[in-house]
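As structure tokens, the structure follows; a few thoughts come after it.
All chains are named by letter (A, B, ...) in the order of the sequence lines, taking the proteins before the strands, and each is independently numbered beginning at 1. Remember, predicted model here, so these are calculated numbers, not experimental data.
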There are 2 protein chains.
Amino acid sequence: MELDETDRAILRILQADARTPFSEIARRIDMSSATVHDRVGRLEDAGVIEGYHAKVDPRKVGYGTSALVGLRVEQGREENALERLREIDGVTEVHLTTGEWDVMLRVYAEDTDALRDLMFDEVAEMEGFARSQTMVILGTDFEDPSLPV
Amino acid sequence: MELDETDRAILRILQADARTPFSEIARRIDMSSATVHDRVGRLEDAGVIEGYHAKVDPRKVGYGTSALVGLRVEQGREENALERLREIDGVTEVHLTTGEWDVMLRVYAEDTDALRDLMFDEVAEMEGFARSQTMVILGTDFEDPSLPV
DNA sequence: GTTGAAAAAATATTGAG
DNA sequence: CTCAATATTTTTTCAAC
């Protein structure tokens with residue numbers, strides 16, 4: 001799908017605030033809301049917009065700790081490991097990467113104790129687990145889910 | 001702010017789909033939409049809900065490559081470096097971490113050439129830069145922005 | 001592709017239990 | 001805190017350019 005500047009403007013607005021009324025988007029980009037409605041529908045159908053999600057403050061719902069975890073997995077056991085990782089509560093991202101680690105995880109836990117339990121009892125016990133390194137996130141300086149479009 | 005099971009149910013729904021009409025949320029949790037409206041407003045005011053964002057498929061808007069980058073920063077230069085990183089186009093996350101790296105970045109780039117340029121011309125040229133390691137994301141097995149609440 | 005206008009649906013507000 | 005009823009606004013549809 002080819003995106004023109006109007007599509008990009010709509011994407012910028014919806015990335016910043018997914019609940020902006022079409023009528024206001026229309027006003028800002030100087031088109032009718034029927035057009036905005038039409039375009040958003042096409043962006044959704046084309047898979048450019050994958051979804052709309054409320055961003056919840058992890059601390060406010062009991063997740064005091066977050067970490068990035070590098071994982072080494074035994075050769076040939078990757079499939080099994082990935083399947084297991086997906087199911088662990090608090091694991092929100094599983095990426096296959098080049099470099100020192102085969103897999104990088106993003107995990108959330110209540111506190112450092114809970115993170116330790118998650119790592120020792122769930123991740124390290126997993127079939128095919130070789131070794132891991134946990135990078136505890138001490139603070140997040142910047143996190144904007146918006147891609148520049 | 002204290003969250004009860006009703007609040008959590010609303011959060012689960014809005015994390016999965018931020019544009020679910022209040023009327024449907026109300027139907028699903030068996031309450032009136034006025035109550036849902038009231039609760040969502042309080043969750044927003046309390047900062048539990050930080051915002052609503054459209055999730056855009058990076059590939060569909062020209063970002064073929066993504067990476068996690070570990071950074072070492074010279075002591076005392078952290079502030080300056082963080083400020084600079086925030087401004088680089090394509091950098092969507094900047095975390096301070098324990099372990100091998102001081103800072104972990106999430107970056108998006110058009111392709112590996114653009115990633116190289118971003119790393120060599122922007123990141124490595126930054127004041128206070130010591131060294132870095134780029135973990136190119138070959139694939140994302142799982143990525144769900146929803147926190148279990 | 002875009003539009004204005006009508007119809008349908010949703011959200012915001014109010015007042016009371 | 002919750003609700004029903006009302007007022008307001010938005011979404012959706014559609015004939016027409």
Requested in this report: From the options C/dA10, D/dT11, C/dG4, select the nucleotide whose nearest atom is closest to the side chain of A/A34.
Outcome: C/dG4

Report summary line: Rounded to whole Å, CD1 of A/I29 lies from P of C/dG1 at a distance of 14 Å

**Report entry** Touch class at under 4.0 angstrom, heavy-atom based, for A/T35 against every strand present
**Finding:** base

Query - Listed nucleotide nearest any side-chain atom of B/R39, set C/dA10, D/dC14, D/dC1 - result: D/dC1

**Report entry** For atom CD of B/E5 and atom P of D/dC1, their distance in whole Å
**Finding:** 16 Å

Requested in this report: Indicate yes or no: does A/R106 engage B/E93 in a salt bridge with an N to O separation below 4.0 Å.
Outcome: yes

**Report entry** Presence of A/R19 side-chain N/O under 4.0 Å of C/dT11 phosphate oxygens OP1/OP2
**Finding:** no

Query - Spatial distance of atom NE2 (B/H95) from atom CE (A/M135) [nearest 0.5 Å] - result: 11.5 Å

Query - Lys/Arg N to Asp/Glu carboxylate O, A/D102 vs A/R77, below 4.0 Å - result: no

Query - Whole-Å gap separating C1' (D/dT2) and CZ (B/R27) - result: 19 Å

Report summary line: Result for 5'-nearest mapping on DNA chain C, choosing between A/D4 and B/T20, is A/D4

Query raised in the report: Tell me: CG of A/L14 to C1' of D/dT11, nearest whole Å?
Result: 14 Å

Query raised in the report: Rounded to whole angstrom units, what separation is found between the NE2 atom of B/H37 and the P atom of D/dA5?
Result: 19 Å

**Report entry** Out of D/dC3, D/dC14, D/dC1, whichever nucleotide has its closest atom nearest the side chain of B/M31
**Finding:** D/dC3

Query raised in the report: How close or far is atom C1' of C/dT11 from atom OH of B/Y52, stated in whole angstroms?
Result: 13 Å

**Report entry** Note: B/R84-B/E87 ion pair, threshold 4.0 Å (strictly below)
**Finding:** yes

Query raised in the report: Given atom CZ of B/F22 and atom P of D/dT10, what is their separation to the nearest angstrom?
Result: 14 Å

**Report entry** Nearest non-hydrogen partners of A/F129 and A/V123, listed with the distance
**Finding:** CD1-O, 3.6 Å

Query - D/dT10 OP1/OP2 closer than 4.0 Å to side-chain N/O of A/S23 - result: yes

Report task. Write down the distance between CG (A/D38) and P (D/dT10), rounded to a whole number of angstrom. Result -> 20 Å

